[in-house]
Amino acid sequence: MSDKYALIGNPVAHSFSPLIHAEFARQTGHDVEYTRLLAPLDGFAAAVEQFRAQGGKGLNVTLPFKLEAYKLSTRHSARAEHAQAVNTLKFEDGAVFGDNTDGAGLVRDIEVNLGFPIVAMRVLLMGAGGAARGALLPLLEKKPVTVVIANRTVEKAHELAQRFFHQGCSGCGYDELVNRQFDLVINATSASIAGELPPLPAHLFAPRSLVYDMMYGKEPTPFLKFALEQGARIADGSGMLIEQAAESFLIWRGVRPDTAQVIAKLRAGTLL
Ligand code: NDP
């Protein structure tokens, strides 16, 4: 019998994760079955328990359950502890281990796949939700000169930045970005899902900057179009998606799949 894993969330129908993990399983020779699990909005814990009782080995967790997954875990990694959000659950004897691979996936995509070192860069992180919180510690570990968190609800940006104040982190609203420039701008808001663009000033992107949207899709998001118009280099979140999945696979299976060929297949539309 294959070892069972799944992506749990609401909605989950759109997700590429089952295709990505099927590719990882083929590549590594691991006997793994990875499915989608749609949980009712008020039934996350029950759905996790049922999956576990049926022999499930682990879960990836997506919107809107990452905070609940953190609370449900009985043991956390340091990065999950900092993010207070969990996207990977591993079922162990009598325990549930919770980790957060989003930030590691983001940083690896930026540094390894896109060849953009974060050290000494001025970083703007847009958003203060689950994805931004997961990204913050792995970003800071790469020693940027500064990380500014901008958020629509300004208090949330301040609250998040306060925790990392000593590592050069500050929080603000979008109106405070006028006359500032950044080398790396990461959109960790969900604005792109609604086809919206946060209110960014012109001249935000420094020469040779990288502009990254965690959202991915066939067309560039309004945010990436805005950056492209201003001459910035752009990237969407498809590489992050695959890198965070590889990090989860490593936690569950003890081996890290080769992501380069999976990214190439996803972009070519040949991931089966
Ligand atoms: P959350 O719901 O936790 O947070 C949403 C954030 O977006 C909040 O900071 C919110 O601000 C902000 N926001 C929402 N709408 C707007 C808007 N119109 N203008 C400005 N800000 C806005 O979502 P997540 O953090 O979990 O996800 C964020 C994004 O990251 C999603 O697009 C998701 O798909 C993507 N993601 C991609 C991954 C990948 O592997 N590529 C992995 C994880 C996430 P406020 O606080 O004011 O409400």
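Heads up: numbering here begins at 1 and tracks the sequence. Just so you know, ligand 1 is whichever comes first in the structure, and atom 1 is the first atom listed for that ligand. Computed from heavy atoms alone, side chains included, the values below leave out hydrogens, waters and symmetry copies.
Among Lys66, Gln244, Met214, His14, the residue whose heavy atom sits closest to atom 43 (C) of ligand 1 is Lys66. Remark: among candidates Thr153, Asn100, Ile186, the nearest residue to atom 45 (P) of ligand 1 is Thr153, based on non-hydrogen atoms.
Here the two rings, on His21 and Trp252, have centers that are under 6.0 Å apart. Here Phe44 and Phe65 bring their ring centres to under 6.0 angstrom of each other. Between His76 and Phe97, a ring centre-to-centre spacing not shorter than 6.0 Å is recorded.
Under a 4.0 Å criterion applied to the non-hydrogen atoms of Thr189, ligand 1 contributes the atoms 6 (C), 7 (O), 12 (C), 13 (N), 21 (N), 22 (C), 28 (C), 29 (C), 31 (C), 32 (O). In summary, the atoms of ligand 1 found under 4.0 Å from a heavy atom of Ala128, numbered by their order in the structure, are 9 (O). Listed by atom number, the atoms of ligand 1 under 4.0 Å from Gly127 heavy atoms are 9 (O). Remark: ligand 1 atoms within the under-4.0 Å shell around heavy atoms of Glu196 are 17 (C), 18 (N). Interface of Leu241 with ligand 1, defined as ligand atoms under 4.0 Å from a residue heavy atom, comprises 40 (O), 41 (N). Of all atoms in ligand 1, listed by their number and element, those nearer than 4.0 Å to a heavy atom of Gly129 are 3 (O), 4 (O), 9 (O), 25 (O). Within ligand 1, the atoms closer than 4.0 Å to a non-hydrogen atom of Lys156 are 45 (P), 46 (O), 48 (O), numbered from 1 in the order shown.
Taking any N or O of Ala131, backbone or side chain, at least one lies under 3.5 Å from an N or O belonging to ligand 1. At under 3.5 Å, not a single nitrogen or oxygen of Leu63, backbone or side chain, sits near a nitrogen or oxygen of ligand 1. Between Ala132 and ligand 1, a contact under 3.5 Å exists for no N or O pair. Residue Tyr174 has no N or O atom closer than 3.5 Å to an N or O atom of ligand 1. The N/O atoms of Ser190, backbone and side chain alike, include one that comes under 3.5 Å of an N/O atom in ligand 1. Close N/O approach between Asp102 and ligand 1 is not found [any backbone or side-chain N/O within under 3.5 Å]. Residue-to-ligand polar distances place Gly237 within reach of ligand 1: an N/O pair is separated by less than 3.5 Å. In terms of polar-atom proximity, Pro198 is not counted as a contact of ligand 1, lacking any N or O under 3.5 Å from an N or O of the ligand.
In this structure, Glu159 does not pair ionically with Arg133, as no charged nitrogen and carboxylate oxygen lie closer than 4.0 Å. Between Glu243 and Arg256, at least one side-chain N (NZ, or NE/NH1/NH2) sits under 4.0 Å from a carboxylate O, which counts as a salt bridge. One finds no salt bridge joining Asp183 and Arg208 here, because no Lys/Arg side-chain nitrogen approaches an Asp/Glu carboxylate oxygen to under 4.0 Å. Glu92 has a carboxylate O that lies under 4.0 Å from a charged side-chain N of Arg75, or vice versa, which qualifies the two as a salt bridge.
Protein heavy atom at the shortest distance from atom 8 (C) of ligand 1 is Asn151 OD1, 3.9 Å. Of the protein's non-hydrogen atoms, Gly130 N, 3.0 Å is the one closest to atom 3 (O) of ligand 1. Regarding atom 28 (C) of ligand 1, its nearest protein heavy-atom neighbour is Ala188 O, 3.4 Å. With respect to atom 19 (N) of ligand 1, the closest heavy atom belonging to the protein is Ala191 CB, 3.8 Å. Annotation: atom 38 (C) of ligand 1 to nearest protein heavy atom, Met240 CE, 3.9 Å.
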What verdict does the side chain to side chain donor-acceptor pair (under 3.5 Å) test give for Tyr70 and Asn100, after you've listed the backbone C-alpha separation in whole Å, the side-chain angles of each residue and the deciding distance to 0.1 Å? CA-CA 9 Å; Tyr70 172 77; Asn100 189 317; over 6 Å; no
Could you please spell out the steps behind the salt bridge (Lys or Arg N to Asp or Glu O under 4.0 Å) verdict for Asp99 and Lys90? CA-CA 8 Å; Asp99 203 342; Lys90 183 181 181 190; over 6 Å; no
Kindly indicate, with the supporting measurements, whether the criterion salt bridge (Lys or Arg N to Asp or Glu O under 4.0 Å) is fulfilled by Lys71 and Glu68. CA-CA 5 Å; Lys71 289 183 187 146; Glu68 270 190 81; over 6 Å; no
Determine, step by step, whether Phe24 and His30 satisfy the ring-ring contact (aromatic ring centres under 6.0 Å, His included) criterion, reporting the C-alpha distance in whole Å, the side-chain angles of both residues, the deciding distance to 0.1 Å, and the verdict. CA-CA 8 Å; Phe24 288 168; His30 282 229; over 10 Å; no
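Of the heavy atoms in Ile193, only side-chain atoms (C-beta onward) come closer than 4.0 Å to ligand 1. At a heavy-atom distance under 4.0 Å, no atom of Ser238 approaches ligand 1. Heavy atoms from both the backbone and the side chain of Arg152 come within less than 4.0 Å of ligand 1.
Ser209 and Arg233 share no side-chain donor-acceptor pair at under 3.5 Å. Looking only at atom types and distance, the side chain of Asp213 has a donor-acceptor partner in the side chain of Thr221 under 3.5 Å away. Of the N and O atoms on the side chains of Asp236 and Tyr212, not one donor lies less than 3.5 Å from an acceptor on the other residue.
Within the structure, ligand 1 lacks Gly105 among the residues with a heavy atom less than 4.0 angstrom away. The shortest heavy-atom distance from Ser192 to ligand 1 is not under 4.0 Å. Every heavy atom of Arg133 sits 4.0 Å or more from the atoms of ligand 1.
Under a cut-off of 6.0 angstrom, the local environment of CZ in Phe16 is sparse, with at most 12 non-hydrogen atoms contributed by other residues, nucleotides or ligands. Heavy-atom neighbours of Asn179 CG from other residues, nucleotides or ligands within 6.0 Å: at or below the threshold of 12.
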